[in-house]
Amino acid sequence: MPVPATSPRLAVKLLDERLRDHLPRYASEGSAGMDLRALLDAPLTLAPGQCELVGTGLAVHIADPGLAGLILPRSGLGHKHGIVLGNLVGLIDSDYQGELMISVWNRGTADFTVEPFERLAQFVLVPVVQAALEVVEDFDASRRGDGGFGSSGRH
Ligand SMILES: O=c1ccn([C@H]2C[C@H](O)[C@@H](COP(=O)(O)OP(=O)(O)OP(=O)(O)O)O2)c(=O)[nH]1
Ligand SMILES: [Mg+2]
């Protein structure tokens with residue numbers, strides 16, 4: 001799906017020529033993520049509880065510190081097959097130039113076989129604000145204060 005001309009450019013290196021025919025793309029006009037594929041030479045079977053690092057064959061350089069990448073699970077794989085991420089969410093720093101890696105975790109109860117070039121996770125580009133920490137003795141009062149973890153009740 002083509003993106004608007006004003007979209008940020010994202011430099012991507014193909015670490016494997018086979019990726020040329022499998023470039024990530026937005027599946028629809030409103031897609032938030034682009035699917036990342038497993039760069040595997042052979043199927044990879046994950047036993048329940050097993051977690052493996054799988055390469056994507058792609059390196060991106062986001063470059064802008066006001067942006068970051070997120071690697072998120074695909075909902076179908078996660079919900080139906082228990083295939084999620086070993087780190088729950090992958091955070092891609094804007095200065096990272098290495099291969100995008102997917103930590104694949106079978107949190108389900110059955111073996112799951114990842115096929116070569118299967119779409120395994122998704123990459124989302126998000127805005128980021130870097131904070132300057134300012135140490136203070138007291139905060140300006142807020143209504144919530146330090147109440148959390150269900151302090152407002154359930155309903
Ligand atoms: O799912 C992921 C998570 C991270 N990374 C890469 C990009 C990221 O910029 C880098 C470092 O990630 P993070 O800071 O989350 O890991 P760390 O354990 O703190 O490593 P480091 O000490 O290198 O920062 O690893 C991936 O390829 N996939
Ligand atoms: Mg880190």
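Just the heavy atoms: all of them, side chains too, but no hydrogens, waters or symmetry mates, feed the values below. These numbers come from a predicted model, not from an experiment. Both ligands and their constituent atoms are indexed starting at 1 by order of listing.
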Validation: residues 60-83 side-chain donor-acceptor distances under 3.5 Å, sequence neighbours left out:
residue: H61; atom: ND1; partner: Q97; partner atom: NE2; Å: 3.2
residue: D64; atom: OD1; partner: G66; partner atom: N; Å: 2.7
residue: R74; atom: NH1; partner: R119; partner atom: O; Å: 2.9

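- Both L44 and F117 belong to a common hydrophobic cluster when Ile, Leu, Val, Met, Phe, Trp and Tyr are linked at side-chain heavy-atom distances under 4.5 angstrom.
- Taking a cutoff of 4.0 Å between a charged side-chain nitrogen and a carboxylate oxygen, D41 and R18 qualify as a salt bridge.
- Two different hydrophobic clusters hold L10 and L91 under the rule that ILVMFWY side chains link at heavy-atom gaps under 4.5 Å.
- No donor-acceptor distance shorter than 3.5 angstrom exists from the side chain of E118 to the backbone of A38, with no hydrogens or angles considered.
- The residues lining ligand 1, counting any heavy atom closer than 4.0 Å, are I71, N87, G90, L91, I92, D93, Y96, E99, L100, M101.
- Counting heavy atoms from C-beta outward, P8 and L125 have side chains that approach closer than 4.5 Å.
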